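What follows is one structure encoded as structure tokens, with my remarks underneath.
The shown structure was predicted, so the numbers you read here are calculated from the model rather than taken from an experiment. Along the sequence shown, the residues carry numbers beginning at 1.
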Amino acid sequence: MIWFTEDIVNIIKKINTNIQQGLTQSEAEDRLILYGENQFREEKNETILQKIGHHLVEITTIILLIAAGISAYMAITLGYGWPKVFVILSIIVLNIILGVSQENKAEKSLDALKNMNANYTTVIRDGLKSKIYSTKLVVGDIIELNAGDMIPADARLIESNSLLVEESALTGESIPVEKDTNSQISKDAPLGDRLNMLYSGCLIANGRAKAVVVETGMNTEMGKIADLLNNTSKLITPLQIRLRQLAKRLSIVALLAGILIFLVGVYIHGETLVDMLLIAISLSVAAVPETLPVIVTIILAYGVQNMVKKNTIIRQISAVETIGNTSVICSDKTGTLTQNKMIIRQIWHVNSEPNYASQPFTNEESSLLEMLAACTNATIETDNGEEKIIGDPTEVSIIRLLLDIGIKKSEVEQKYPRVYELPFDSNRKLMTTIHQVDDGFLAITKGAFDRIPVHFNEDLLQRTTKVHDSFAEQALRVIAIGYKKYNTMPADLNAESLEHDLTFLGLVGMIDPPRPESKQAVYDAKAAGIKTVMITGDHVVTASAIAKEIGIMNDGDRSLTGSELSQMSEGELKNQVKDISVYARVSPEDKIRIVQAWQSHGEVITMTGDGVNDAPALKAADVGAAMGITGTDVSKNAADMVITDDNFATIVDAVSEGRTAYDNIRKTVSFLLSVNFAEILIMLIGIIVGWGPPVIAIQLLLINVVSDGIPGFFLSVEKPDKDIMTRKPLKKNSGIFTAGLGKTIAQRMIIFVIITLTGFYIGQFVKISNSTLPSYEVGMTMAFIILSWSSVLNIFNVRSNESIFKIGFLSNKPLFYATIFSILFSAFIVLFKPLANIFQLVPISYIHWMLAIALSMVQLIFVEIQKFIQSRS
């Protein structure tokens, strides 16, 4: 049954209850057993073992496990080689610990949703009122609610008095909704327009209500959101996709290389099975950049620290990289792009022209504002020495402007002492107060322009309509004011008598204005190739006006209402989504549809929001960004990141930080893979031509973890390039080697292969010193020194597209010192005999050392020449 379209009498019959008596206690207990408690069903969390299992089946981890297994087998067979096993296993364990620790900051969305239910509710059972736990409510219960109460279940209004409900938890709009028991609602009305309904998790802002519970638990609108949170899959991030692609490619390369070496070794060179197993270990180690996952995590963690300084809290570490690749920001309006408070923007006194509230007021305009203030119930309270205006947002805006022009509300109250009030009513859409003044009594009425009881002559009506329409075109909420003077206190204090034949005084136009920084932030996002889309529960005219003002909506862009969106198929939405910049009066399901429609085009979506209604879309988006000040616990726990200052501009800063992190990850990939791929080719060529493996497994592990890994850690603090926020974002399906990275890696890999094999060949076959005769061991020592040193020096190549002499070796001091340490450590391994014996290295002459130094510098010199040529072109 569609509860908001049915007559209340039919509803009472349908659910078999009684308006006066309510359910009997036994009926309530039976229904509780049949339908369950009024609470949300939780998704079962993964166990620690399940999370570890997911990490163990990652391809990179599998490769390392295989390498560790083969190493362990060889260590058992040969009686040595256990250090390789322990190092590989330590890397695996470290990666799993880092991953699981991040996952344990898990989604707490359902817990927060549960906490939003009121603890107690006033219910009528057996004709008696009592307070019960809200979890014990059942369909058919008659409940009573007053101002300040949280609504515990979805309910249809039976009766109400001056009822205002704050529904921002569901609709995202902070202005309380005027509820009306007798409203006739169409079946396609969005949540915000269902004026005869009360929804679980929303707040009674004013008045009182009597209602019948029609839905509980997971069947409520809030419960549907909880169900969406359970059933909305969190997508894997672009970084995860790219690293998985990389791992697959590396595993294929290692497998093919292993097969080739096995065939060459067995059928051409007659090698033994043991020798082939040793080579397999070497290739496994060479193929996998063991420190890459750890370095990536460190880069992202550093990004997290930087974002904290910029008012962003990252809840999912992968969001650091993902936010950098954002191509579309789907943003809530209220409180995110706007200030979440009403302000008066324009004022019009009937005897003058419309004036902006920021301009000086005439005496007549000041008088109009004073009379408006007199007809309000907003109050000024002091909290910890700070004055706060408390009340309905519309009335708060009046008092705020009053204070801005230097008039105190207490002065207005003394000037217009109130003696009677006719409260605001949703049917009348008016409020009237009577004040005692020097020459008698003054009745002031404020409310909707189309309801103000003024007798307009043709000229006044024409002028007033023109001003009203101009205000409406700016998406201003228009309030009209009129008055009537009495010599004595009126005898009839009803609406029919008081709100009649008023003298029209003027209009004010108010709006929830854009945040001052929103326009610049939208512009900056556009410069970075990012489209901003507004998704709001507000009316389409207001939303479109705000969108145009801050640059979201441009010529050719469209706006769409929730009702129009519901008529569109998934295919139609996907085809048209790029032309739509504003979505108004949308539901939680609509928000997910919009996010998924953009994602179908390969876009990376950041969804911002602050309400419970935003939570499912925050979870479905590539990055969910919740507001820290106005955001609900539900939205924060569903999000990947929290914007602590509720500033849309902070999201753009987060994009910049994310791009920096991803750039540094790409630099790390370039740094590590160029040498890793080179190691595979070096091994292949050395064995195919019959020279033997130029380096062995334990040497490769030392190079990958110490020579490459230690300097690589400090790429995390590399400063961003100057053009970081003028580049277009990468597409979600773009590979890790996009934008020329693959070509760069290939070029540097070839240089590594040439210089390492040159040194290996000279050491093994060429006599250049009488003190050190050519041998396989000398060649292997030369290959180890050249490969470790040149790979370390390559870090200066990847730091920037500019020359290292321009940006400076010491511009990243930790990296520079780590590089020096790695170079000296490699030399120490060769020179310190006990360690040299473990790594099967031998002493070499100073001529060999000079040659190794020269060959190691080739990579750096080649790239510097290349950068010089590019800078001149």
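- Annotation: side-chain hydrogen bond (donor to acceptor under 3.5 Å, both in side chains) contacts of Thr781 (sequence neighbours excluded): none.
- With sequence neighbours left out, the ring-ring contact (aromatic ring centres under 6.0 Å, His included) criterion links Phe825 to Phe821.
- In this structure, Asp723 does not pair ionically with Arg659, as no charged nitrogen and carboxylate oxygen lie closer than 4.0 Å.
- Looking at Gln764 and Glu777, their side chains never bring a donor and an acceptor atom within 3.5 Å of each other.
- The pair Lys667-Glu718 fails the salt-bridge criterion, with no side-chain N (NZ, NE, NH1 or NH2) lying under 4.0 Å from an Asp/Glu carboxylate O.
- Qualifying side chain to side chain contact (heavy atoms under 4.5 Å, CB included) partners for Ser716, counting only residues two or more places apart in sequence or in other chains: Ile298, Ile299, Tyr302.
- The side-chain hydrogen bond (donor to acceptor under 3.5 Å, both in side chains) analysis of residues 802-811, with sequence neighbours excluded, yields the pairs Arg799-Ser811, Glu802-Lys806, Ser803-Glu864.
- The side-chain hydrogen bond (donor to acceptor under 3.5 Å, both in side chains) search around Ser771 returns Ser769, not counting sequence neighbours.
- Listed here is the closest heavy atom pair of Trp849 and Leu831: CZ2-CD2, 3.7 Å.
- If you run side-chain contact (heavy atoms from CB on, under 4.5 Å) between Arg748 and each of Ser670, Ser791, Ser790, only Ser670 comes through.
- Residue pairs meeting the salt bridge (Lys or Arg N to Asp or Glu O under 4.0 Å) criterion with at least one member in residues 250-269: none, sequence neighbours excluded.
- With respect to Arg727 and Asp721, a salt bridge is recorded, a charged nitrogen being found less than 4.0 Å from a carboxylate O.
- A donor-acceptor contact shorter than 3.5 Å links the side chain of Asp622 to the backbone of Ile605.
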